[in-house]
Amino acid sequence: MARAMTRTLPKIYDPAEVEPRLYRWWEKRGFFHAEPDDPGEPFAIVLPPPNVTGGLHIGHALVASVEDAMIRHARQSGRNAVWLPGTDHAGIATQNVVERLLADEGVSRHDLGRERFLERVWAFVGEAGGIIQHQHRRLGTALDWDREIFTFDEQRSRAVREVFCRWYDQGLIYRGYRLINWCPRCHTALSDIEVDHVDEQGELAELRYPGSDGADGVVVATTRAETMLGDTAVAVHPDDERYRDLVGTTVLLPLVDREIPVIADDHVDPEFGSGAVKVTPAHDANDWEIGQRHDLPAVNIFTEDARVNEQGGPYEGLDRFEARRKVKDDLDARGLLVGVAPRTHSVGHCSRCRTIVEPRLSDQWFVKMTPLAEPAIAAVRDGRTRFIPERNAKTFLAWLENLHDWCISRQLWWGHQIPAWYDRDGNIHVRRTDPTPDEVAELGLQRDPDVLDTWFSSQLFPFVNLGWDGEVTDTLELRTWYPTAVLETGYDINTFWVSRMLMAGLSMMGDVPFRVVYNHGMVRDGEGKKMSKSFGNVIDPLEFIDRYGADALRFALLRASTAGQDAPLAEEWVEGARRFANKLWNAARFVLLAVGDTAPALQEPAPDALALEDRWILSRLEDVRTDVDRAMEEWDLGRVARSLFHFTWDEYCDWYLELAKLRTGDEAQTADGDAARWTLRHVLDQAMRLLHPLMPFLTEEIWRTLHAADDATTIQLSPWPAPAPSRRDAAAESQFAALVEIVTELRRFRSDHALPPSRKISVIAVAPPARRALLTGALDGIRRLSGVDDWGFTDEVAIGGPLGHVAVDGADLYVPLTGLIDLDEERARLQRELERARGELARARGKLANDAFVSRAPADVVQAERDKLAEWNAVAERIGAQLQTLFGE
RNA sequence: GGGGGCGUAGCUCAGCGGAAGAGCGCUCGCCUUACAAGCGAGAGGUCGCAGGUUCGACACCUGCCGCCCCCACCA
């Protein structure tokens, strides 16, 4: 290479060197930071705050990949884009993790006391938060770190308290004695959605409760025999003839010898079992309702650990499963166990520790959902917030329309403590500020020890992240970036988080918090299996980044994804993405070699100075640009990835680059060479910009090298490729398609005859004048790509010796065979070709023979079919002729 | 019980009312001066089954079958 090489790239792309270096520079230059008064249409995304319970997993990597792509694309498109980071204190989850750590040291949180325990948690959270930040940096996220928050920091705590007080003042928050889901291990109440229901094999036991008068009484059925200790009635259907006489009498509850009434209630299904139901108001949601209707006492038989309490008499101290067995045994001994049958039923588990939850009566705080849900329902209905995929809106609405009140109090230590105090008389004081010592003394105030469900604070994320804390409610940030553009998250937390943000946003801000909810799928392993520790198929993002680079991991995740559909990720996918990165890297190396120092001087060539392949690749670039824009609008990043993958690799690298080599050699200091150099460089530049949202590091490195960019210049702020409709060139595309066909067919000919690349062939082409003229311009390329050293046109074939034959669209190519190949093989090959042509021919004929098709299908479709018929007809004839010539067949 | 998703090449998945696609895997041939982490060629699918709509269905409709999720107060 005669030209001085001022900019070169190593042969193998090394993400481990490039990525950390670029990220440090990006951050130092503040490219990720946005101010509300920056120019451009506002575009904000809040990062779903990861729990500070440990490191990020592969699902977070998908979140980061998708959102980073959205943010980078928005910024390149000139929008005032900000991506707001934060972490979630994750009340119960974090407390559990720290308690486990303490258990390893042989200490319980009670040994430490509330204050010291919280110190421990804060220390843990500091470490975990640091790990998460580091992981996000490794992933390349363009997060505005200056705006990072924590859901339990001071400002957010003020906001939480304000929202609690406002809702309390509005009557939306209340304290009530209700049946809630209780985790006997975590020792706290849970909301309905923190309970996972799993079908389990159990036993349906039929128990006899004798009449108080010594009569037979009734038979009831239950999967939880131990709860009979807390029964306070037996219910039957009001219209059930069998029990008409029993209603109003009492039966004797065995083992505890309590007289309980037989009542009539519509809720009972007379078809089920005996038609009589035991009623345990303190331990079953249905029974609680029945109890309310009939004013029944509720007897709580369990401790906080789900052991039988003093109400259980001889069973006191047994855990619920031991009690279940013993109750059945004892009833059996008395002849009161009528039957036992296996039965699968749905059992609720604590979503945090998998312990079976226990319905428990207790005083808790609740949010009234209906008044909050109504505006949210309206917002989704009228499209102020849209869902992608759309179908998720349906599920979402169904959920919102059937909400129970939300239990928000947790008997934990780690979390926002409820701002409520009780005085000596039991009155509740909900306060925005802590009481003074005087007030405490005067009223005998005691603070409610409970904390809030962690989702109570994360639901405020989209506006507390922009400065809202109840005192400050109007910031430039809020006015600029609220509502945020899109909320991107897995569909699995639509109920936990998305719904509540929507309600809280509408309630506090009077507007939706985001215009679009984009749901990505769950990441699965290469076999489509859910990732879980017990399968041993979990993937650590950092490990993959170490091995393949962040760009490769990101690209692999995006390429496999379709909105709302679960995405598989196997190591081979990431490996493949790394190969893609390396491919682009080497394409860039070639372009730099070819362009060299002429780059700054290169002017866009006049249209007539462009060669066919230039016009073709520029036209294709425009096609791809259009497709990428459209896919971006539809938030379809998988399509963006696939489209660019195909364009850069299969078209730019495999065809354009190969052809450009012919024109950019040392001696090619011509206008044509410059046209090739300009096109090479232009397409690479544009491709890097289009790809940047998906592969930020690689594209930045290549782009900066290509432009010899200074320290202040980044691809992130380079304009997104603008529409260039004049580049679209249908003629060039179809002409190039002909070139591709010829080259491919000749290569196939060579491959069929096992001709090594070093073995050049000659071609004698027969084509009508128009076709010949068209091909002439592409001839050098064709010859190079198909290993032809001698190409001639002729009107008719008159060459001595046998000729191989290759039929392409509108031309016949003859290859002198003497000394080249085996004639029998050529014969077999031609016969295969003929077979294929005949197949196509038959298909087209069949279609055209159908009158209905010809008369009713659109004219252009029919015409296209006629053209195909003619083409294949000609091909078949030509192959036939060649067989005739060569073999007399 | 209700709602939803999926069934396309050996594997994982795109796609789509007018001539079946990708990645990986497989076969054959190549160190062709950006890349062997590469290049070229190829094998391999009655698009789950059955009906229907249509000139035309892998695609739209209906019903089955098989996997998978979510919701629900299944004693």
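Quick note on labels: first sequence line is chain A, next is B, and so on, each numbered from 1. The basis for the numbers below is simple: all heavy atoms, side chains too, and nothing from hydrogens, waters or symmetry mates.
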**OP:** Give a yes/no answer on whether the side chain of A/K583 brings an N or O atom under 4.0 Å of OP1 or OP2 in B/rC35.
**Re:** no
Original post:
To the nearest Å, how far apart are A/D199 CG and B/rA72 C1'?
Top reply: 12 Å
Subject >> Complement of B/rC13, any strand, by Watson-Crick or G-U distances under 3.5 angstrom >> reply: B/rG21
Original post:
Reckon A/R224 touches a base, only the sugar-phosphate, or nothing at all at heavy-atom distances under 4.0 Å?
Top reply: nothing
Original post:
Do A/K11 and B/rC35 have a side chain to base donor-acceptor pair shorter than 3.5 Å?
Top reply: no
**OP:** Check every strand shown and say whether A/P756 touches a base, only sugar-phosphate, or nothing at a heavy-atom separation below 4.0 Å.
**Re:** nothing
**OP:** Send over the distance from A/D636 CG to B/rG15 C1', rounded to a whole Å.
**Re:** 11 Å
Original post:
Base, sugar-phosphate alone, or nothing: which one does A/R579 contact when heavy atoms must sit under 4.0 Å apart?
Top reply: sugar-phosphate
**OP:** Measure distances between side-chain N and O atoms of A/E658 and base N and O atoms of B/rA34, and say whether any donor-acceptor pair falls under 3.5 Å.
**Re:** yes
Subject >> Separation of the C1' atoms in B/rG15 and B/rA20, to the nearest angstrom >> reply: 10 Å
Original post:
What is the distance, rounded to the nearest whole Å, between atom CD of A/E390 and atom P of B/rG5?
Top reply: 12 Å
Original post:
Hey, is the side chain of A/K661 pairing donor to acceptor with the base of B/rA34 inside 3.5 Å?
Top reply: yes
Original post:
Atom CG of A/D851 and atom P of B/rG56: how far apart are they, to the nearest Å?
Top reply: 13 Å
Original post:
When you look at CZ of A/R784, are more than 12 heavy atoms from neighbouring residues, nucleotides or ligands closer to it than 6.0 Å?
Top reply: yes
Original post:
Any side-chain heavy atom of A/V340 within less than 4.5 Å of one from A/L204?
Top reply: no
Original post:
For the pair made of CG in A/D492 and C1' in B/rG5, what is the distance, rounded to whole Å?
Top reply: 15 Å
Original post:
Rounded to the Å, how far apart are A/D752 CG and B/rU27 P?
Top reply: 19 Å
Original post:
CZ of A/R578 versus P of B/rG38: gap in Å, rounded?
Top reply: 9 Å
**OP:** Write down the distance between CZ (A/R324) and P (B/rA75), rounded to a whole number of angstrom.
**Re:** 12 Å
